[in-house]
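Below is one structure, written out as structure tokens; the observations come after it.
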Protein chains: 2
Amino acid sequence: MPSGARNLPAMTSTATRPRGEYAKTAARRDAIVAAALEVFAASGYAKGSLRDVADRAGLSQAGLLHHFPSKVHLIEAVLAWHDEQSVRVVRAAGRDGADPLAALVALAEHNQANPAMVELYVSLSAEATSPDHPVHEHFRRRYDTAVELFRAHLGRQADSGLLRPDADPASTARSLIAFMDGLQVQWLYDRSSVDMAVEVRRFLDVLIAARAVGPVGGSPEPADD
Amino acid sequence: MPSGARNLPAMTSTATRPRGEYAKTAARRDAIVAAALEVFAASGYAKGSLRDVADRAGLSQAGLLHHFPSKVHLIEAVLAWHDEQSVRVVRAAGRDGADPLAALVALAEHNQANPAMVELYVSLSAEATSPDHPVHEHFRRRYDTAVELFRAHLGRQADSGLLRPDADPASTARSLIAFMDGLQVQWLYDRSSVDMAVEVRRFLDVLIAARAVGPVGGSPEPADD
DNA sequence: GTCTATATACTGATAGAC
DNA sequence: GTCTATCAGTATATAGAC
């Protein structure tokens, strides 16, 4: 279970403190973030307690607060790690296919293999709709940039005739993100009946494809379902 | 703000207790449910406190617990009311159009006019993904029946040639619900930029329509955007 | 039916020893 | 850097007066 920290980047600035003695601290912080990810994923941010995180990370609650001076600092670190993971997956998928849309299938597969990340994202994005929530702005910005990213890409596809002519790029961008978000919720309620990667691919085929009914980006990944 | 109780049905069984003295109790319960809806919508179920609900309903916390013996009883009453409202809207929309799909547009409009209901649904459906959450089963059943409802309808439309031939009824049903759920989240983050009713109509046109590009159900409501 | 008062438990955060 | 001990605040729920 606490395996989320194995590929954590050094979030503490290693440049200013080259001393070897602090390497243990960085590992500690990573372990704490991994524990916090699990706790907040399972209980949400409001109900998730620092004591639970501390217990799971193997230190006292006061010890935890030495590394992260407040609960808000901790959740921000967790979100930074979560976002970095997502970006990493999308970038890796974009290396061969070069299509941001095909990367969504890879992201769905990645999420499906990491339920805790889905739980965290679903519960936290819902909690943070309250304007005074500590990470409200984080998610607001995230949606803004995500919609704009896809809108721009779909606009280019429309210019190339690769988008259904009756599909508005801005609306389609929003729909795409909304669909993926909602799908994660359904998946959490019934993981055996919902295959997110398959649904995403079908959705893209139906919604995006102009004339051709084949895979969206021409990416070399036709065999999976 | 506390205007959600004006069209509350009598959830307390008025048939068994015809006495006039208890009418005040029913009204009290309705007021409490309305207050709880607001509190849980704004703060979520976990963080929303009975004290807040009691204050808003104009009685003490102990007095509140006389009517609803526990927090779980209260949230169940709130959900029952919420579901009843949604069913009412869908049924009313189905009376003239007779198309469940067109009713979704009406539902989106209704939700847009009642932000508290959207906040409640979004935050609670996310919270309740945890299997041990008090209302987990409620939402699990809700998704099951909703998917089955739309799947059956889309299957009939497919038989009539009214569904894109490359769209699978079961997948499309899931996608439709996922899209609407995700859209509500985005709307909560940016209410001025997102028009749920418009997006739902566009989505239906693109995803469902077989050949005709016109409105899905032929309902007499072409002028809105 | 509603109240005050309280029991019991847990929260995030702090102080200071080591 | 980690600990124990403790803070002040808040939570749900109960007991008993009126």
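First the proteins, then the strands, lettered A, B, ... as listed; each starts at 1.
- Going from atom CZ of A:R51 over to atom P of D:dT6 covers 13 Å, rounded to whole Å.
- For the pair B:L50 CG and C:dT6 C1', the computed distance is 17 Å after rounding to whole Å.
- With respect to the salt-bridge test (charged N to carboxylate O, under 4.0 angstrom), the residues A:R56 and A:E38 qualify.
- Relative ring orientation between A:H82 and A:Y121 is described as parallel, the plane-to-plane angle staying below 30° on a 0-90° scale split at 30° and 60°.
- Rounded to whole Å, atom P of C:dA13 lies 13 Å from atom CZ of A:F68.
- B:K71 has its NZ atom 17 Å from the C1' atom of D:dT14, to the nearest Å.
- Considering only side-chain atoms of A:Q61, the nucleotide from C:dG12, C:dC3, C:dG1 that sits closest is C:dG12.
- Distances were taken from every side-chain heavy atom of B:H66 (C-beta onward) to each of D:dT4, C:dG1, C:dG12; the shortest belongs to C:dG1.
- When distances are taken from the side chain of A:H67 to each of D:dG1, C:dA13, D:dA13, the shortest belongs to D:dG1.
- A:F203 and B:F203 have parallel rings, their planes meeting at less than 30° on a 0 to 90° scale where 60° marks the start of perpendicular.
- Checking A:A62 against A:S49, the closest nucleotide of DNA chain C that is more toward the 5' end is the one next to A:S49.
- Separating the CG atom of B:D52 from the P atom of D:dT10 is a distance of 11 Å, rounded to the nearest angstrom.
- Taking atom NE2 of B:H73 as the reference point, atom P of D:dT12 lies 15 Å away to the nearest angstrom.
- Rounded to an integer number of Å, the gap from A:L64 CG to C:dG12 P is 10 Å.
- Rounded to a whole Å, the CG atom of A:L65 is 18 Å from the P atom of D:dT6.
- For the pair B:R28 and C:dT2, the criterion of a side-chain N or O lying under 4.0 Å from OP1 or OP2 is met.
- Side-chain N or O atoms of A:S125 include one that pairs as donor or acceptor with a backbone N or O of A:V122 at under 3.5 Å.
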